[in-house]
Amino acid sequence: MAQELSQSGKPSESLSQRELIERLCHMGAGALAAALGAGVAGTLGAGCQSGSAPSNAGTGRKFRYGMVIDTRRCIGCRACVVACKAENKTPPGVSYTVVLENALGPRPNDRPLFMTKPCFHCENPPCVSVCPVGATYKRSQDGIVVVDYDRCIGCRYCITGCPYGARYFDYGEHYESTGGVMAEVPSPEYGQYRVRQLGKSPVGNVRKCTFCMHLQDEQGRYDKAAGRWPACVKTCPGHALFFGDFNDPESEVARLLQERPAVRLKEELGTEPNVYYLL
Ligand code: SF4
Ligand code: SF4
């Protein structure tokens, strides 16, 4: 049975996961902020959507890649975080995906709520408009938001511009426990296989999730059966992560949004994230 929110605006006792998120969905942004208490709503204000997948209508794009995340299936194991690190060879302090725990508030008598959070590859990405040198942009063929390491001057405006904390600066560190091995293994991202060295990109650049776009074929297609699929999704043991082309009505992600209500974070900002959380 759901408990009422306390006067402080925080859940006084545990709500079920579905009850909690559904309740948030029916609040306006202001009420949501009050309900969640200081700090949290500013990070995770949620908006609701049900029964429709986004389309490429008007974008002229071939693909609209995105993710659907089932918060009811995530067990918080963080295998996705590790898989992403192994795939993209990211250094300390750089995680293209993270898992938040109970970001919507304490839930003492219920199982924790985990939320995997990659880059949302927003339709209207504020990180792009603040870049003074055009080093970060949204790709015209598939909507993936990328960073051109050869143009990036490391000013970090985009880190400030992203309302979801999805960007990271590469300070040139490496994992000591690996004896520097990870630092010396080139990352396949962007198909560039750069070896990280001080003074050379991507050290000194901003880095972010690319939906593992180096796994696309020449036509820009992924292939799940062949393993050419984002590492986090491929690895998730709870089958909580789904990836695909929202523009294809037969895709798993499009069908999930047809079948189940979902939320996007900070919907009120108009960023139109391409990552949805199922209720
Ligand atoms: Fe840019 Fe942040 Fe949106 Fe990713 S989540 S596209 S980094 S604003
Ligand atoms: Fe652009 Fe790089 Fe500055 Fe980000 S850090 S705003 S990508 S130049």
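Being a predicted model, the structure only gives us computed values, none of them experimental. All values below were derived from every heavy atom in this structure, side-chain atoms included, with hydrogens, water molecules and symmetry-related copies excluded. Numbering of ligands and ligand atoms starts at 1, following listing order.
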Next item on the list: Write out the residue and atom name of the closest protein heavy atom to atom 5 (S) of ligand 1, then the distance separating them to 0.1 Å.
Entry: Phe120 N, 3.3 Å
Checklist line | atom 6 (S) of ligand 1: the protein heavy-atom neighbour that sits closest, reported with distance to 0.1 Å | finding: Cys122 N, 3.3 Å
Notebook entry, point to check: Mind checking whether Val145 has a heavy atom under 4.0 Å from ligand 1?
Noted result: yes
Notebook entry, point to check: Taking the six-membered ring for Trp, are Phe243 and Tyr65 parallel (under 30°), tilted (30 to 60°) or perpendicular (over 60°)?
Noted result: parallel
Checklist line | Within the 6.0 Å centroid threshold, strictly below: Tyr276 and Phe246 | finding: yes
Notebook entry, point to check: Which of the atoms of ligand 1 are close to Tyr164, meaning less than 4.0 Å from one of its heavy atoms?
Noted result: 5 (S)
Check: Is there an N/O/S atom in His121 that lies less than 2.8 Å from atom 3 (Fe) of ligand 1?
Finding: no
Next item on the list: Without swapping roles, check the side chain of Lys234 against the backbone of Cys80 for a donor-acceptor pair under 3.5 Å.
Entry: no
Item checked: Protein contact of atom 1 (Fe) of ligand 1 - nearest heavy atom, named by residue and atom, plus distance -> Cys127 SG, 2.3 Å
Next item on the list: Write out the residue and atom name of the closest protein heavy atom to atom 2 (Fe) of ligand 1, then the distance separating them to 0.1 Å.
Entry: Cys162 SG, 2.3 Å
Check: Of all the non-hydrogen atoms in the protein, which one sits nearest to atom 4 (Fe) of ligand 1, and at what distance?
Finding: Cys119 SG, 2.3 Å
Next item on the list: With the side chain counted from C-beta on, respond yes when Arg72 and Leu278 share a heavy-atom pair under 4.5 Å apart, and no when they do not.
Entry: no
Check: Do the side chain of Arg207 and the main chain of Val147 share a donor and acceptor less than 3.5 angstrom apart?
Finding: no
Checklist line | Check ion pair Glu123-Lys138 (N to O, under 4.0 angstrom) | finding: yes
Margin query: I'd like to check which ligand 1 atoms, numbered from 1 as shown, lie under 4.0 Å from a non-hydrogen atom of Pro163.
Written below: 8 (S)
Notebook entry, point to check: In terms of residue, atom name and distance, what is the protein heavy atom nearest to atom 7 (S) of ligand 1?
Noted result: Arg167 NE, 3.3 Å
Notebook entry, point to check: Does Cys158 bring an N, O or S atom to under 2.8 Å of atom 1 (Fe) of ligand 1?
Noted result: no
Next item on the list: Answer with yes or no whether the hydrophobic clustering places Leu100 together with Met67; edges join I, L, V, M, F, W, Y residues whose side-chain heavy atoms lie under 4.5 Å apart.
Entry: yes
Checklist line | Cys209 touching ligand 1 at heavy-atom level, < 4.0 angstrom | finding: no
Item checked: N/O donor-acceptor pair under 3.5 Å between Arg78 side chain and Gly76 backbone -> yes
